[in-house]
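First the structure, in the form of structure tokens, and then the observations on it.
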Amino acid sequence: MATARKNSRSGSTRSRSKSRPSRRSAKGKVSLAAAIYELMTMTFFGRVLIVSLIGLGLIGINLLISKNRFDVFYVLCGIELIAAIVIAWLRLLIKPEA
């Protein structure tokens with residue numbers, strides 16, 4: 001009997017079950033912040049705005065850390081700039097050509 005159950009499936013039912021769309025692929029609810037971020041990244045000016053806000057935030061954090069000692073501030077900014085350049089180069093090298 002075990003073999004009858006094992007062989008009861010035919011190849012055609014397997015192919016039909018695989019071609020059905022899965023119910024898990026439906027998107028869930030997206031948060032408001034994620035929706036706004038997605039809309040901002042769709043345009044050139046939105047991307048420029050996001051990069052500018054991130055840059056201003058980093059400069060503000062550097063000023064808070066350095067406590068208005070400009071020698072420390074410039075060193076922190078230089079380290080961040082070098083790190084950003086290295087990350088950009090690595091991203092260009094690793095990114096597959098499409």
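Everything quoted here is computed from the prediction, not taken from an experiment.
The shortest heavy-atom contact between Arg47 and Thr41 is NE-O, 2.9 Å. Nearest heavy-atom pair across Asn62 and Cys77 is ND2-SG, 3.4 Å.
Note that the CD1 atom of Ile59 and the CG atom of Leu64 stand 12.5 Å from one another [nearest 0.5 Å].
Hydrophobic clustering (side-chain heavy atoms under 4.5 Å, transitive across Ile, Leu, Val, Met, Phe, Trp, Tyr) groups Leu32 together with Leu49. Transitive grouping of hydrophobic side chains (ILVMFWY, heavy atoms separated by less than 4.5 Å) brings Ile50 and Ile36 into a common cluster. There is no path of hydrophobic side-chain contacts, each under 4.5 Å, that joins Leu81 to Val75. The hydrophobic cluster containing Val51 does not contain Ile85, counting ILVMFWY residues as joined when their side-chain heavy atoms lie under 4.5 angstrom apart, directly or transitively.
Phe44 belongs to a hydrophobic cluster whose remaining members, ordered by chain and number, are Phe45, Val48; membership requires side-chain heavy atoms of ILVMFWY residues under 4.5 Å apart, directly or through intermediates. Residues Ile61, Ile65, Val72 make up the rest of the hydrophobic cluster containing Leu76, defined by ILVMFWY side-chain heavy atoms closer than 4.5 Å, directly or through other members.
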